A.B. asks: 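Before we start, here is the structure in question, set down as structure tokens.
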Amino acid sequence: MTSIFRTVMGADFDRLHPQLQRRFSVGLASGEACTGRGVMTRVWHGPSYVKPFLLLGATRNILLPRTGRNVPFTIENVPYTDSFGRETVTFVRTFHLPGRARRFDAQMVLGPHGDRIVDYLGTHQHLASELHFHAEPDGSLLIRSGEHRFREGPVDVRVPELIGATAEVRERYDDAAGRFRIQVRVVNRHFGPLFGYEGSFVASYTDVRRCGVRAGLRPVREERRV
């Protein structure tokens with residue numbers, strides 16, 4: 001058994017920086033969870049007319065309606081088996097903004113054919129996004145989102161481009177600083193940049209078989225469909 005990320009990337013996984021390989025080896029096979037703690041030097045969003053959209057998403061821990069500089073940040077990547085028997089890895093990001101912390105929740109599972117990652121967004125997994133992982137020539141990782149779907153009860157529809165967005169994540173390891181550096185941009189084709197953040201963090205690893213999954217990390221609702 002290997003991590004869901006190694007499975008989907010295949011031989012491309014070995015081109016990643018060794019520290020990125022370890023970070024994305026978290027899973028049930030390794031028995032490791034990863035927690036990153038650091039600072040986002042910039043958290044931003046687009047023009048004022050996109051803020052209502054961001055506020056709506058924030059009610060389910062999707063997207064960020066706030067901006068800030070030098071914002072303390074935590075990311076928790078914890079593997080577990082969901083209620084449908086699938087290996088799942090949390091990507092729960094907490095931004096400790098003044099006055100109130102904001103979370104951006106996601107849980108990732110391997111697609112049924114092992115060729116893609118499905119990223120369930122938010123506390124209720126109403127939004128699902130295909131993610132595509134690529135190793136860059138310098139050993140960094142590039143993640144781009146593909147199709148987005150909205151799922152609730154019998155409803156399973158593709159999110160129209162007008163209200164959908166494309167996410168791009170770039171993550172690398174800075175050997176000199178001993179830190180991971182990350183840059184995230186979410187862009188709507190018609191309205192332009194919606195929000196993003198950039199900064200750095202250090203990672204620590206724990207034995208998930210001993211520590212388990214802390215309360216509040218798993219979603220309120222889990223979606224069967226991939």
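In this chain, numbering begins with 1 at the start of the sequence shown. Bear in mind the structure is a predicted one, so any value in this text is a computation, not a measurement.
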A.B. asks: Check this for me, if you would: do E168 and R185 make a salt bridge, where the nitrogen-to-carboxylate-oxygen distance has to be below 4.0 angstrom?
C.D. replies: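 So E168 does not pair with R185 through a salt bridge.
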A.B. asks: Indicate the atoms forming the closest heavy-atom contact of T94 with A101, along with that distance.
C.D. replies: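 Taking T94 first and A101 second, the nearest heavy atoms are CG2-CB, 4.1 Å.
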A.B. asks: Salt-bridge test for R221 and E152: reply yes if a basic N is under 4.0 Å from a carboxylate O, no otherwise.
C.D. replies: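 A salt bridge is present here (some side-chain N lies under 4.0 Å from a carboxylate O).
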A.B. asks: Counting the benzene-type ring for Trp, do F104 and F195 have ring centres under 6.0 Å apart?
C.D. replies: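 Aromatic pair counts; centres sit under 6.0 Å.
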A.B. asks: From H134 NE2 over to I143 CD1, what is the distance, rounded to the nearest 0.5 angstrom?
C.D. replies: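 One finds 10.0 Å between NE2 of H134 and CD1 of I143.
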A.B. asks: Answer yes when R172 and E136 have at least one side-chain N-carboxylate O distance shorter than 4.0 Å, and no when they do not.
C.D. replies: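 Looking at R172 and E136, the cut-off is not met.
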A.B. asks: Between T7 and T2, do the side chains contain a donor N or O and an acceptor N or O under 3.5 Å apart?
C.D. replies: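 Indeed, the side chains of T2 and T7 share at least one donor-acceptor pair under 3.5 Å.
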A.B. asks: Looking at D14 and R6, is there a salt bridge between them, counting it only when a charged N and a carboxylate O are closer than 4.0 Å?
C.D. replies: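 Between D14 and R6 there is a salt bridge, with a charged N closer than 4.0 Å to a carboxylate O.
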A.B. asks: Go through it in stages, so that I can follow the logic: the residues are R225 and Q125, the test is side-chain contact (heavy atoms from CB on, under 4.5 Å), and I'd like the CA-CA distance, side-chain angles, deciding distance and then a yes or no.
C.D. replies: CA-CA 10 Å; R225 289 164 290 193; Q125 296 192 346; over 6 Å; no
A.B. asks: Between the side chains of R224 and E222, is the shortest nitrogen-to-carboxylate-oxygen separation below 4.0 Å, so that they form an ion pair?
C.D. replies: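 No.
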A.B. asks: Please lay out, stage by stage, how H148 and R158 fare under the test side-chain hydrogen bond (donor to acceptor under 3.5 Å, both in side chains).
C.D. replies: CA-CA 6 Å; H148 304 282; R158 184 172 182 173; over 6 Å; no
A.B. asks: Does the distance from a Lys or Arg side-chain N to an Asp or Glu carboxylate O, for D156 and R149, drop under 4.0 Å?
C.D. replies: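 Between R149 and D156 there is a salt bridge, with a charged N closer than 4.0 Å to a carboxylate O.
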A.B. asks: Specify the closest pair of heavy atoms between P79 and E87, including all atoms of both residues, with the distance to one decimal.
C.D. replies: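 Reported closest heavy-atom pair: CB-OE2, 4.5 Å.
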A.B. asks: With no hydrogens and no angle check, is any side-chain donor or acceptor of Q107 less than 3.5 Å from a backbone partner on T90?
C.D. replies: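 Checked: no pair found.
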A.B. asks: Could you see if V26 belongs to whatever hydrophobic cluster contains V213? Use Ile, Leu, Val, Met, Phe, Trp, Tyr and a side-chain cutoff under 4.5 Å.
C.D. replies: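 Looking at the clustering, V213 is in a separate group from V26.
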A.B. asks: Using the ring pair (Phe, Tyr, Trp, His ring centres under 6.0 Å) rule, collect all pairs that involve residues 8-48, keeping only residues at least two apart or in two chains.
C.D. replies: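 Every ring pair (Phe, Tyr, Trp, His ring centres under 6.0 Å) pair that includes a residue of residues 8-48, provided the two are not neighbours, is F5-F24, H17-Y173.
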A.B. asks: Examine distances only and state if a side-chain atom of R66 and a backbone atom of P98 form a donor-acceptor pair shorter than 3.5 Å.
C.D. replies: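 The answer is yes, because a donor-acceptor pair under 3.5 Å joins these two groups.
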A.B. asks: How far apart are the closest heavy atoms of D12 and A135, and which atoms are they?
C.D. replies: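 D12 and A135 have their closest heavy atoms at OD2-N, 2.9 Å.
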A.B. asks: Would you say V92 and V43 are hydrophobically clustered, going by side-chain heavy atoms of ILVMFWY under 4.5 Å?
C.D. replies: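 Different hydrophobic clusters.
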A.B. asks: Could you grab the distance from atom CE of M40 to atom CD of Q183, nearest 0.5 Å is fine?
C.D. replies: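 It is 11.0 Å, given to the nearest 0.5 Å.
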A.B. asks: Are V159 and V187 co-members of a hydrophobic cluster defined by side-chain heavy atoms under 4.5 Å apart?
C.D. replies: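 Different hydrophobic clusters.
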A.B. asks: Membership question, hydrophobic clusters at under 4.5 Å side-chain separation (ILVMFWY): are L217 and M108 in the same one?
C.D. replies: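 No, because M108 and L217 fall into different hydrophobic clusters, even though each may have its own neighbours under 4.5 Å.
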A.B. asks: Say you draw a straight line from CG of L110 to CG of D115; how long is it, rounded to the nearest 0.5 Å?
C.D. replies: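 Here the interatomic distance stands at 8.0 Å.
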A.B. asks: Please report the shortest heavy-atom distance between S145 and A165, naming the atom on each side.
C.D. replies: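 Closest approach of S145 to A165, heavy atoms only: OG-O, 4.1 Å.
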A.B. asks: Using the ring pair (Phe, Tyr, Trp, His ring centres under 6.0 Å) rule, collect all pairs that involve residues 201-226, keeping only residues at least two apart or in two chains.
C.D. replies: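 Listed once each, the pairs are F180-F201.
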A.B. asks: Consider only side-chain heavy atoms of I, L, V, M, F, W and Y, link residues closer than 4.5 Å, and tell whether I4 and V208 are in one cluster.
C.D. replies: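 No: no chain of side-chain contacts under 4.5 Å links I4 to V208.
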A.B. asks: Do NZ/NE/NH1/NH2 and the carboxylate oxygens of D174 and R179 come within less than 4.0 Å?
C.D. replies: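 Salt bridge flag = no for R179 with D174.
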A.B. asks: Would you check, one step at a time, whether the test side-chain contact (heavy atoms from CB on, under 4.5 Å) holds for I75 with F73?
C.D. replies: CA-CA 7 Å; I75 181 168; F73 169 84; 3.9 Å; yes
A.B. asks: Quick one, T35 and T74 - any side-chain contact, counting heavy atoms below 4.5 Å?
C.D. replies: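 A side-chain contact under 4.5 Å exists here.
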A.B. asks: Rest of the hydrophobic cluster containing V226 (Ile/Leu/Val/Met/Phe/Trp/Tyr, side-chain heavy atoms under 4.5 Å)?
C.D. replies: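 Reading the cluster by chain and number, V226 sits alongside V109, V118, Y120.
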A.B. asks: Thinking salt bridges, do E76 and R93 make one under a 4.0 Å N-O criterion?
C.D. replies: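 Judged by the 4.0 Å cut-off on N to carboxylate O distance, E76 and R93 do not form a salt bridge.
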A.B. asks: Minimum heavy-atom separation for R209 to S30, with atom names?
C.D. replies: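 Minimum heavy-atom contact is NH2-O, 3.5 Å.
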A.B. asks: Determine the minimum heavy-atom distance between T123 and P219, stating which atoms define it.
C.D. replies: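 Scanning both residues, the minimum pair turns out to be O-CB, 3.3 Å.
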